[in-house]
2 protein chains.
Amino acid sequence: MNIKCAILGLLSWKPSTGYDLKKIFEESSIMYWSGNNNQIYKTLIQLHNDGLVDSEVQHQESSPSKKIYSITEKGLIELRQWVLSTPEAPEFKKTFLIQLAWADTLGKEELDSLLSKYEEEIKIQLILQQEKRKRGTHVPNRTPRETYIWDMIFENIISSCQNELDWVGKMRRELKEKVL
Amino acid sequence: MNIKCAILGLLSWKPSTGYDLKKIFEESSIMYWSGNNNQIYKTLIQLHNDGLVDSEVQHQESSPSKKIYSITEKGLIELRQWVLSTPEAPEFKKTFLIQLAWADTLGKEELDSLLSKYEEEIKIQLILQQEKRKRGTHVPNRTPRETYIWDMIFENIISSCQNELDWVGKMRRELKEKVL
DNA sequence: CAAACCATGTAAGCTGTTACATGATTTC
DNA sequence: GAAATCATGTAACAGCTTACATGGTTTG
């Protein structure tokens, strides 16, 4: 999986400029790339060289000119092929768990404070994701099934946050109850 | 967060060679680095230059000589400081969700097959993690609280898998029931 | 006798990030 | 008049991966 596929997907939804894509990446919950120029503009050129996208320059008065990219037939075939490919297991990068692994040197209050900070961090994430779901910008609604799929994508992210929150809550409670 | 902290943590547990660390990284559930030579040996040299670790060469007959690294006082202070630093929110890189985002072009069977493949992938992950927990190699047990902490670390990973599994299960069920 | 293990290291390359560069227009 | 938005691109660097290089020992 790489950013090429994500861009092809977005372009299959609607033609866009590099700048449009950048904003979508910045906002997106699932497309985890930062949306930096270097990657997006270079990838678009590459996709163009491979014949997977077309580009049309639109000159504008009183605005810089745009390059509007759209997906080609070949691009649609490539996208479909990728969508059908064997899924990868999710990657969890929880640096907090590594931090926690060596946290036995901390005092009782220090440890609880660390856990509470993590809890706060997740709570912020959760609210952010719930807001994104409500706003629902950059969500295609071409068929009822597509709407359902995107709803489940948001549910996945939110339930991951909720799961993490439950876990911290349990740990804080147990550390208070137990005599360790 | 970077690999330096993880290595300091491991060395605070016990002195090790680069090769030892490599194996721990390869096996570890939470320390997500691949454990490649380039990164480990270079980081050890860097930590040594910074005075955070000591190294002692042990010549062996009928075996290549080892460099046994151990953490210094300065290293312990650095580690403690890092453990107390503000935690980062977890990063979820679920490429499957991006794949799913453009999966409405698939037929009913194709979509269910895709979901079932993902389900299988997670099931394998879950079993793997449960086995790692049982084996419990590379787990320090210096105090009851440390044992509890490491137990909660494994619980975190396993509950993440379980949560993902529940989500796929629900989606497959709903797609069968609903008329979309 | 091949494969795997022990043990250290290097080279080349890919991915992704931050920051820089330009320049017009709109909003506060 | 400063800051943000629109719009495209480049340069330098950090992080991480695969593969290469060496060479002895143990296991199947």
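Fair warning: this is a prediction, and the values are worked out from it, not measured in the lab. Below, chain A is the first sequence line, B the second, and so on; all start at residue 1.
Taking 4.0 angstrom as the limit, B/Asn37 places none of its side-chain polar atoms (N or O) nearer than this to OP1 or OP2 of C/dG9. Here B/Tyr41 does not reach the OP1 or OP2 of C/dG9: none of its side-chain N or O atoms lies under 4.0 Å away. OP1 or OP2 of C/dT15 has not a single side-chain nitrogen or oxygen of A/Gln39 nearer than 4.0 Å. Residue B/Tyr19 places at least one side-chain N or O closer than 4.0 Å to OP1 or OP2 of C/dC6. Proximity of A/Thr17 to the phosphate of D/dT8: a side-chain N or O atom is located under 4.0 Å from OP1 or OP2. Taking 4.0 angstrom as the limit, B/Lys67 places a side-chain polar atom (N or O) nearer than this to OP1 or OP2 of C/dG9. One finds no side-chain N or O of A/Lys23 lying less than 4.0 angstrom from the OP1 or OP2 phosphate oxygen of D/dT5.
A/Pro87 pairs with exactly one of B/Ile122, B/Leu114, B/Val168 by the side chain to side chain contact (heavy atoms under 4.5 Å, CB included) rule, that one being B/Leu114.
The backbone N or O of B/Val83 lies less than 3.5 Å from a partner atom in the side chain of A/Gln99, making a donor-acceptor pair.
Residue order along DNA chain C, read from the 5' end via each residue's closest nucleotide, puts B/Ile68 first among B/Ile68 and B/Lys93.
Counting only N and O atoms by type, the side chains of A/Ser160 and A/Asn163 include no donor and acceptor under 3.5 Å apart.
In this structure, the CH2 atom of A/Trp33 is 18 Å from the P atom of C/dC14, given to the nearest Å. Atom P of nucleotide D/dA7 and atom CG of A/Asp20 are separated by 7 Å, given to the nearest angstrom. Atom OH of A/Tyr32 is separated from atom P of C/dG16 by 6 Å (rounded to the nearest Å). Between the CD1 atom of A/Ile40 and the P atom of C/dA19 there is a distance of 17 Å, given to the nearest Å. Rounded to whole Å, atom P of D/dA14 lies 15 Å from atom CG of B/Asn38. Per the geometry, CD belonging to A/Gln58 stands 15 Å off P belonging to D/dC6, to the nearest Å. As a whole-Å value, the separation of B/Asn36 CG from C/dA12 C1' is 13 Å. Atom-to-atom, CD of A/Glu26 to C1' of C/dT18 comes out at 13 Å; the value is rounded to the nearest Å.
Applying the side chain to side chain donor-acceptor pair (under 3.5 Å) test to residues at least two apart or on different chains, the pairs with a partner in residues 168-180 of chain A are A/Asp112-A/Arg172, A/Glu119-A/Arg172, A/Lys170-B/Glu155, A/Glu174-B/Tyr148.
Between A/Lys117 and B/Glu88, no side-chain nitrogen of the basic residue sits less than 4.0 Å from a carboxylate oxygen of the acidic one, so the salt-bridge criterion is not met.
Remark: A/Lys22 fails to qualify as a cation-pi partner of A/Phe25 under the 6.0 Å distance and 45° angle criteria applied to the six-membered ring.
Remark: B/Phe96 pairs with B/Tyr118 by the ring pair (Phe, Tyr, Trp, His ring centres under 6.0 Å) rule, at least two apart or across chains.
Using five terminal pairs a side, the axes of the helix from C/dC1-D/dG28 to C/dC28-D/dG1 at its two ends make an angle of 40°, given in steps of 10 degrees.
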